[in-house]
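Worksheet: the structure to be examined is printed underneath.
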Number of protein chains: 2
Amino acid sequence: MTKPQVARGRAEQSTLSRRERVREATLAEIKAIARRHLVEHGPSGVSLRAIAREMGMTAPGLYRYVSGIDALLIAITADMFDELADAVAAADASVPDEDTDRRILTSLRAFRSWAIDHRSEFAVMFGPRARLDPNADITPGLEAARRFAATFYTLFDRLLVERRFTLPDSGHVTPELDRELRSFAESCGFSAPHIPVEAVMVLTSCWVRLYGVVCMEVFDHMSIVMSDLEPLFESELHTVLADLGVRYEPPGG
Amino acid sequence: MTKPQVARGRAEQSTLSRRERVREATLAEIKAIARRHLVEHGPSGVSLRAIAREMGMTAPGLYRYVSGIDALLIAITADMFDELADAVAAADASVPDEDTDRRILTSLRAFRSWAIDHRSEFAVMFGPRARLDPNADITPGLEAARRFAATFYTLFDRLLVERRFTLPDSGHVTPELDRELRSFAESCGFSAPHIPVEAVMVLTSCWVRLYGVVCMEVFDHMSIVMSDLEPLFESELHTVLADLGVRYEPPGG
DNA sequence: GGTGTTTGCTAACGGTGTTCACTAAAGCGT
DNA sequence: ACGCTTTAGTGAACACCGTTAGCAAACACC
């Protein structure tokens, strides 16, 4: 009488006991409501009591599913990184595999679009950890964050093998920077041994530029001084891609 | 019998009644304690009740000085911008007036130094407005923020009149970007009529780059992947200044 | 000294996270 | 079908939080 369950998501056993299924469902409901409260009332508007109230139960009951408000926030942060990673990967997959240029362009635009369509989420993911202890265990989010970054790693790797741009003078890389860049390349997995540190520096530099524009836009500084930051993002995108030897096209088509 | 008061800070009457003086003092104490709680326990650790407790009074008493927790946060944010502006201006003033290159270098390094020495403050100032209503009145902070930016405006203006760098091709500036840049130049006061929009774009682009690195560092992303972001900041500073035709020197001397 | 303003208090309301003891139900083995 | 074990959820309680209302003491001023 046990109906076979379709596998949903990554790494999930297909056979779950009824209990595990309903448990999974209520946990999903908790996270969904928390997520909605986050976008509707900001990060401080997420409360266990409010979630429980909306679910028709009491706050202590939620402790059967989540070990506290911090863990809940960390969990939905991981989900959001997963979602962002999916959005970017989907954008990347929507253009022909060989067209590296447009794949990069589309993926980066997808990143910004997702960010401005999910400002509250972005603030939690990429802003300061305001509500959590500094020493909280955020490992669940890191895995998803890596998956998000992986898309750009592989695209950047293609630029390298195609020798699209000339690496900067290695004299610019101080010993300290060299050490940090190697640490970065090593711990992000994509450090195929052939990748020079200058390339890692270029990647980091480009990422910093686009991250900066998006942060400015989402965190809503400049809003008094500039009404729309999309033209600025496109301008930065243009010059960044030019430095990388990637063809730019205006967003219209 | 009224002792003459020395004028402290900007725009403060020298003669204050005794009552006004003690009132000013307790308000300063409130803000000082709030500030300390901010750096010690994060943004969510600032509470009126805790401040009152530490001052030996009760929370409702604070409402004689501050209209609520939001107004208090806005007030200390304004103070922090003032402090940052002072720090940057002091750094700028610490080098000979004619040495534009080193003035820029020193001012920008002072910005980063202040940021990493005051991470919690920076998060409140430049991060997402997590705890405030989106429609809160933050005008007190804007004035101080302008004063902070002014230092860089004047330095950048000197680069322009000295023609240190060639302006980018105006073909890169789309009509939409042109509109935003003019809006920016106009509302930041520094739009002397002779300043071309291409120059405003260069300024914005440079600012975005350095803002991005500092945000990354203060918000503590990358911490798993890079232990120290100063080399990266210096690298960005190097290339940014190179684009501006400004002489770079390593931080040591 | 009388008067009006300013200051700070207590009490109270409603909100939050979290723990603990407890009940009721669901699942499972026999 | 029965009993036992595991689990889900509740209610009360504690310690916080922001904020308002009403009231008493201290102060400034005439």
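These values consider heavy atoms only, across backbone and side chains, with no hydrogens, waters or symmetry-generated copies.
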Atom CD of A:Glu24 and atom P of D:dA8 are separated, to the nearest Å, by 12 Å
Take atom CG of B:Leu62 and atom P of D:dG18, then tell me their distance rounded to the nearest Å.
9 Å
For [X], enumerate each residue passing the side chain to side chain donor-acceptor pair (under 3.5 Å) test, keeping only those at least two apart in sequence or located in another chain.
X        : result
B:Arg35  : B:Glu83, B:Glu121
A:Glu29  : none
A:Arg109 : A:Glu234
B:Ser227 : A:Glu180

Describe the nucleic acid contact of A:Gly45 in one word from base, sugar-phosphate, nothing, applying a heavy-atom distance below 4.0 Å.
nothing
Identify, residue by residue, the members of residues 26-41 of chain B with a heavy atom below 4.0 Å from DNA chain C, and return them in order of residue number, or none.
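Of all residues in residues 26-41 of chain B, none places a heavy atom under 4.0 Å from DNA chain C.
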Please set out all donor-acceptor pairs under 3.5 angstrom arising from side-chain atoms of residues 135-144 of chain A, sequence neighbours excluded.
unit_1   : atom_1 : unit_2   : atom_2 : d
A:Asp137 : OD1    : A:Thr139 : N      : 3.4
A:Asp137 : OD1    : A:Thr139 : OG1    : 2.9
A:Asp137 : OD2    : A:Thr139 : OG1    : 3.1

Residue pairs meeting ring-ring contact (aromatic ring centres under 6.0 Å, His included), one or both in residues 42-91 of chain A, sequence neighbours left out, come to A:Phe81-A:Phe126
With sequence neighbours left out, which residue pairs that include part of residues 38-57 of chain A fulfil the ring-ring contact (aromatic ring centres under 6.0 Å, His included) condition?
A:His37-A:His41
Quick one, A:Phe219 and B:Arg129 - any side-chain contact, counting heavy atoms below 4.5 Å?
no
N or O in side chain of A:Thr58 less than 4.0 angstrom from D:dT10 OP1/OP2:
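Checking D:dT10 against A:Thr58, a side-chain N or O does come within under 4.0 Å of OP1 or OP2.
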Ring pair (Phe, Tyr, Trp, His ring centres under 6.0 Å) filter on B:His221, not counting sequence neighbours, yields none
Mark up nucleotides 19-28 of chain D, 5' to 3', with B wherever a protein heavy atom is under 4.0 angstrom from a base atom, S wherever such an atom reaches only the sugar-phosphate, and - elsewhere.
BBB------S
Give the first and the last nucleotide of DNA chain C, reading 5' to 3', that has any atom under 4.0 Å from a heavy atom of chain B.
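First-to-last contact on DNA chain C, by the 4.0 Å heavy-atom rule, is C:dT5 to C:dA12.
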Applying side chain to side chain contact (heavy atoms under 4.5 Å, CB included), can you list everything that pairs with B:Ala91, at least two apart in sequence or on another chain?
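Expected list: B:Thr106, B:Ala110.
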